[in-house]
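A short write-up of the structure that comes next.
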Amino acid sequence: MTSPIAHFNGELLALDRISISPLDRGFIFGDGVYEVIPVYEGVMLRAREHFERLQRSMDEIRLANPHSVERWVALAQELLAHHPGNQSLYIQVTRGAPAKRDHVMPQGLSPTVFMMCQPLVTPPREAIESGVACITAEDFRWTKCHIKSTSLLGNVLARQMSADAGATETILIRDGFLTEASSSNVFVVKDGVVAATPRDNLILMGITYDLLVRLAADGAVKLDVRRVAESELRAADEIWLSSSTKEVLAVTTIDGRPFGAGVPGPLFREVYAVYQKRKRA
Ligand code: PDD
């Protein structure tokens, strides 16, 4: 099989021709940020919003962005020309490769820029129609979860807990309140009102979350952005997950027990249908 084309520091190269210094701060410190953009039939969904979030992540870690949003979009489109169909576009920028390992941020270093595509695997019909299983765990990550950092060990450990339990996600609780899941945002529905956790430093401000909030605001869905206690999570009528690759999914099993009605709820079905229409628009 030929190696897929990827973007590396301004060039399009076969993935197996790209090599990165072991001193790269992305490798040594996880000192970098990333984005994942869903691509439907060659068209990125909310590209500008993703590259604007990349800018915010870079500002937070004091890394100068080598490209404007417009340039990023153009570079992404050049790569996508080699990857037709539905794709998950991955973008990573690290602080670059200095001459020696030192925690202090080196000055004047060129960042390492990498982009690749993988076929977008959206959830199977079974997951949409029957819902998915999740477990819950204490949120043991740091308090800068709004940065889309490549330092993902906390998220990896959390996700593995659900993988070990045969579940789709690990929903995280910090000090008795819902934050998010290991790689998605979480919504909770009670009595027809959708609650979404606030966009603070304890969650990643999901681009899908933002889209769902907008769709809810345009439609009949009542939405409340506020902290959600663990007890409310457990007593909810519906729980949803959202992310660029999961789109929106209903949770029907929590910690090994059937949750709610045991099937995706009516508001989920409504918001799922609106999302599908919006992504094709
Ligand atoms: N993850 N929260 C976390 C911790 C995430 O990692 C993600 C996405 C989200 C949802 O964000 P968005 O709607 O912008 O995809 C929330 C991506 C898909 C990943 O790391 O692969």
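In each ligand, atom 1 is the first atom listed, and ligand 1 is the first ligand listed.
Side-chain contact of Thr143 with Asn201: a donor-acceptor pair under 3.5 Å is absent, judged by distance alone. Neither side chain, Gln92 nor Glu35, offers a donor N or O lying under 3.5 Å from an acceptor on the other. When only modelled atom types and interatomic distance are considered, Ser242 and Glu247 share no side-chain donor-acceptor pair under 3.5 Å. Using a 3.5 Å distance cut-off with no hydrogens or angles, the side chains of Thr170 and Ser162 do pair a donor with an acceptor.
From the protein, the heavy atom lying nearest to atom 18 (C) of ligand 1 is Thr245 OG1, 3.9 Å. In this structure, the protein non-hydrogen atom closest to atom 15 (O) of ligand 1 is Ser244 OG, 2.7 Å. For atom 21 (O) of ligand 1, the closest non-hydrogen atom on the protein side is Val36 CG2, 3.6 Å. At the shortest separation from atom 17 (C) of ligand 1 among protein heavy atoms lies Lys148 NZ, 3.5 Å. Here the heavy atom of the protein found nearest to atom 10 (C) of ligand 1 is Asn185 OD1, 3.6 Å. Counting only heavy atoms of the protein, atom 13 (O) of ligand 1 lies nearest to Thr208 OG1, 2.6 Å.
Between Asp218 and Arg214 there is no salt bridge, since no side-chain nitrogen of the basic residue lies less than 4.0 Å from a carboxylate oxygen of the acidic one. One finds no salt bridge joining Glu138 and Arg174 here, because no Lys/Arg side-chain nitrogen approaches an Asp/Glu carboxylate oxygen to under 4.0 Å. By the 4.0 Å N-to-carboxylate-O rule, Arg48 lies close enough to Glu70 to be salt-bridged with it. Using a cutoff of 4.0 Å between basic side-chain nitrogens and carboxylate oxygens, Arg95 and Asp24 are not scored as salt-bridged.
The proximity of Cys145 to ligand 1, defined as any non-hydrogen pair under 4.0 Å, does not occur for either the backbone or the side chain.
The nearest non-hydrogen atom to atom 11 (O) of ligand 1, considering only Gly206, Ser183, Pro38, comes from Gly206. When the heavy atoms of Lys246, Arg53, Glu180 are ranked by distance to atom 3 (C) of ligand 1, first place goes to Glu180.
Under a 4.0 angstrom heavy-atom cut-off, Ser88 registers as lying outside contact with ligand 1.
Every atom of ligand 1 is numbered from 1 in the order shown, and the set under 4.0 Å from a heavy atom of Tyr34 is 6 (O), 19 (C), 20 (O). Counting the atoms of ligand 1 from 1 in the order shown, those under 4.0 Å from a heavy atom of Asn155 are 4 (C).
Here the SG-OH distance, from Cys117 to Tyr90, works out to 13.0 Å after rounding to the nearest 0.5 Å.
For the pair Ser243 and ligand 1, the shortest N or O to N or O distance does not fall below 3.5 Å. Considering backbone and side-chain N/O of Ile207, one or more are found under 3.5 Å from N/O of ligand 1. Every N/O-N/O distance between Tyr209 and ligand 1 stays at or above 3.5 Å.
For Phe114 and His7, the distance between ring centers is not under 6.0 angstrom.
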